[in-house]
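Comments concern the structure below.
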Amino acid sequence: MAAADVATLHNGSEGPRTRWKYLDRILDRPGPFTDPESFVPGNHETLEIAKVLVIGAGGLGCEVLKNLALSGFKDIHVIDMDTIDVSNLNRQFLFRAADVGKYKAEVAAAFVEKRVKGVKITPYCGKIQDKDEAYYKQFALIVCGLDSIEARRWINSMLVGMVDGNDPDSMKPLIDGGTEGFKGQAKVIFPTMTSCIECQLDMHAPRAAVPLCTLATIPRQPQHCIEWAHIIAWEEERKEMTLDTDDPEHITWLFQKALKRAKEFNIPGVTYSMTQGVVKNIIPAIASTNAIVAASCCNEAFKILTNANPFLGFPETDGYMMYTGDESVYTYTFEYKKKEDCPVCGEDALARPLQIDPEATLQEFVDSLAERPEAQLKTPSIRTTEKSLYIQSAADYERMTRPNLEKKMKDLTAEGEEMLISDKAFPMMFKFVVVWKK
Amino acid sequence: MMKIWSMKKQQKDAEVAAAASGKKKFSAADLRVIKDLEHLSLSDTMELKRELDNYKNFTLAINPDEGMYKGGHFEFAFEIKPTFPYDAPKVRCTQKIYHPNIDLEGNVCLNILREDWKPVLNLNAIFVGVQYLFLEPNASDPLNKEAAEDLKHNREGFKRNVRAAMGGGTVKGESFDRVLK
Ligand SMILES: [Zn+2]
C-alpha cells in the first residue's frame, strides 16, 4: 500500500512520527516478500538521510516530488531549466497562475517544502549538462521525468561512465519515467549491470513522420501543411535563417505559410497553436498517466533504498514496466536485455583506464596495441574527444594522420582524456581513459 | 544495493579507478556515428568525403555505373543531429538535379529517412538507399511531380530529360546543374 496515501491523513500533532505511522509499519517489520539479507527492521534513517535527485519538474516531476516527499524522503534535489508556462497549469499542480514565468524547479521545491514539513528540496534551475560527476555522485539514486530523449541519453551515459569497479557507491540506480498520451513506462536501470537507455533506444517510438512526398504533393491533414512549411518552405525561402521554435515570429511565419497551403488544398484546421505543437513536437500529456507512472517510479525508489520489498530492475529480472491505456488497459513488465554491443554500456564501451607512457611515440603505442593480449588490434584507429590521432579505416585519413606517428603521446593527448580505439576487423570499439604510466 | 554490487564483482573483476573526472566525454551520438563510419562497406560507386574530426557533417557522392543516371556524380550533404540514431540524419542533395524523388531544393524522399527510420538502421543502410534512388527512380512517391509524370508516361522522354539535365541543360524551362563526372 502506498505510504503516501495515508501519511497525509495524520498531520503530526500526536508526536514526531505520528504522520509516518503507516510508513513505519513497512519499515519496522519484514513482509512475506522481504529479502531478510538486505532489510534492516526499524531503519528509518536510510530514507531520512538519502539524497535523491529528481530530473525534471514538469508533468512527471511535480508528481514525483510530491510522492517522494510524502513517502518519507527528506533530502531531495531537483533540476529543471524551464520556466512555467500558462499551458502547464492544467496538470503541473505545484504551479499557480502567479508563478507563470518563474523557474519550475524553484517554485516546485518551495511548494512541496511548505506543504510537507521536514523535507528539504534543493532546486537547480539549469541544464543537467551543467553538472559534473562530482555532483551526480552525491545522490543515492536518480529519478527522471523527462520529455527529451537527448537529455535521457546524456544522463544515462554520465551514470554509466561514473561506475568505478572499486567503489560500490559509484553505481547510481536510474529510475526513468516517461509518458505519451495514455501510454507510459517506468524502468529501473543499474548502470553497467542492466540494460541502459541506449540499449533500449529502439523501444522509444520514433516520431510519427509522414513521407516527404506526401507533404510535398498530396497533403491530407492540417499537420501535413504545417510540416510542409516547416521542412520545405522554410528551407526554400529562409535558408539563411536557423529556425528557432521559441521565436514567435518564426512560428507565425510557418503558421501563415501552412495556412496558405491548407487553403490551396481545401484543408481546414490549421491554427497557431497546432503549428507550435507540430513544430516543437509537443506530445499531448495526460495528467493521470503522469500520476500512474510517477507513482510507480516513486514506489521503486522507496523499495530500492529501504529493501522493504523486491524492486523493479534487479539484475536478471524484469526492469521495464510499460503501461498502455489507449486501448483499454494493458500493462506488461519484462526484462530488457542488455545489448552486448551497446556503444554506452557494452563491455567494450566502458571507459577503462589505459596506462600509457607519455614519452612513447604514437607509433610505439600503436605497436603495443597489437601485442596487448586483450586487444590484439592490428589496424587500430585511435581518436580522443579532441582529435583523431591515427585513422586506418580509410586510406586518405591514414595519410592525413600518419605524421602523428612520430609525435609523443604527451603531445597528442592528456591524462584523463577519453580515447576510442576501433579496428575495422572487429565490430566493437574500445573506450579508454588515458592514465600516464609513472 | 550491496547485493547488486556483489553480483557485479562476480560478473567481472574490478578495473582500476578512472581518472577522467571533469574531462570531455564522447557523447552517445558520437560513439554511434563513429561506429557506423568505421564499419561502412562502400561500393565502388560511393565516395565519402569527410573532414578528419568532423563526424557530424559529411558528403556522400554517388557515381552510378548503370541505369538512367549512369555517368553522373551526385553529392549529398549529411547532417547528424545530437539525437542520432533516435533521429535519422538530415540528407540533402547539394546539386539541382532532375529526379522524381528529389526536389529542386535538394530534399530527398526516401522512406528510411523519415517514416521508416529506426535506430537499428545505420548509415550504410541510408547510403545504399540513396544510391538505389538512382538505379530505380520511383514515380509513385514523387517530390518532383513533373519528373515523376515524365517517368510514368514517357520513359524515353524522361531518359532524354535526365541526360539533358545532367549535362547542365534546361528541362521545361528549369535549368539544372552539370553533374557529369
Ligand atoms: Zn546500454
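Keep in mind that this is a model prediction, so the values were computed, not measured. Below, chains carry the letters A, B, ... as their sequence lines are ordered, and counting in each starts from 1.
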Going by heavy atoms in the side chains, are [X] and [Y] under 4.5 Å from each other?
X: A/Met429; Y: B/Ile34; answer: yes
X: B/Leu143; Y: A/Thr217; answer: no
X: A/Glu133; Y: B/Lys25; answer: yes

Under 4.5 Å from any heavy atom of chain B, what part of [X] do you find: side chain, backbone, both or neither?
X: A/Ile391; value: side chain
X: A/Thr194; value: neither
X: A/Leu215; value: side chain
X: A/Ser170; value: side chain
X: A/Lys137; value: neither
X: A/Gln392; value: neither
X: A/Met400; value: side chain
X: A/Val163; value: side chain
X: A/Asp423; value: backbone

For chain B, which candidate among [options] shows the most heavy-atom pairs at distances under 4.5 Å?
options: A/Thr384, A/Ile218, A/Asp396; result: A/Thr384
options: A/Leu212, A/Asn307, A/Val344; result: A/Leu212
options: A/Ile232, A/Ile304, A/Asp169; result: A/Ile232

Does a side chain donor of either B/Tyr55 or A/Arg383 reach within less than 3.5 Å of an acceptor in the other side chain?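 Yes, A/Arg383 and B/Tyr55 have a side-chain donor paired with an acceptor closer than 3.5 Å.
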
Between A/Glu150 and B/Thr83, is any side-chain donor less than 3.5 angstrom from a side-chain acceptor?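 Short answer, no.
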
[X] portion near chain A, given a 4.5 angstrom heavy-atom threshold:
X: B/Asn111; value: neither
X: B/Lys35; value: both
X: B/Ala148; value: neither
X: B/Lys90; value: side chain
X: B/Leu110; value: neither

Above 12 or not: heavy atoms from other molecules or residues under 6.0 Å from [atom1] of [X]?
X: A/Arg238; atom1: CZ; answer: yes
X: A/Lys127; atom1: NZ; answer: no
X: B/Glu174; atom1: CD; answer: yes
X: A/Lys131; atom1: NZ; answer: yes
X: B/Lys70; atom1: NZ; answer: no
X: A/Glu316; atom1: CD; answer: no
X: B/Glu51; atom1: CD; answer: no
X: B/Tyr132; atom1: OH; answer: no

[atom2] on [Y] to [atom1] on [X], rounded to 0.5 Å:
X: A/Cys213; Y: B/Asn138; atom1: SG; atom2: CG; value: 8.0 Å
X: A/Thr385; Y: B/Asp30; atom1: OG1; atom2: CG; value: 9.0 Å
X: A/Ile231; Y: B/Glu105; atom1: CD1; atom2: CD; value: 14.0 Å
X: B/His39; Y: A/Ser393; atom1: NE2; atom2: OG; value: 9.0 Å
X: A/Ser157; Y: B/Leu31; atom1: OG; atom2: CG; value: 8.0 Å
X: B/Ile4; Y: A/Ser38; atom1: CD1; atom2: OG; value: 9.0 Å

Is there a donor-acceptor pair under 3.5 Å between the side chain of [X] and the backbone N or O of [Y]?
X: A/Arg153; Y: B/Phe84; value: yes
X: B/Asp53; Y: A/Ser388; value: yes
X: A/Tyr397; Y: B/Arg50; value: yes
X: B/Arg114; Y: A/Pro211; value: no

Shortest non-hydrogen separation from A/Glu418 to B/Phe26 and the atoms involved: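 What the structure gives for the nearest pair is OE1-N, 3.0 Å.
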
Selection from B/Ser27, B/Pro82, B/Ala88 maximising heavy-atom pairs under 4.5 Å formed with chain A: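 Max contact count across the listed options: B/Pro82.
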
Checking salt bridge (charged side-chain N to carboxylate O under 4.0 Å, His left out) for the pair A/Glu198/B/Arg32: CA distance, chi angles, key distance, verdict? CA-CA 10 Å; A/Glu198 201 71 19; B/Arg32 176 55 199 269; over 6 Å; no

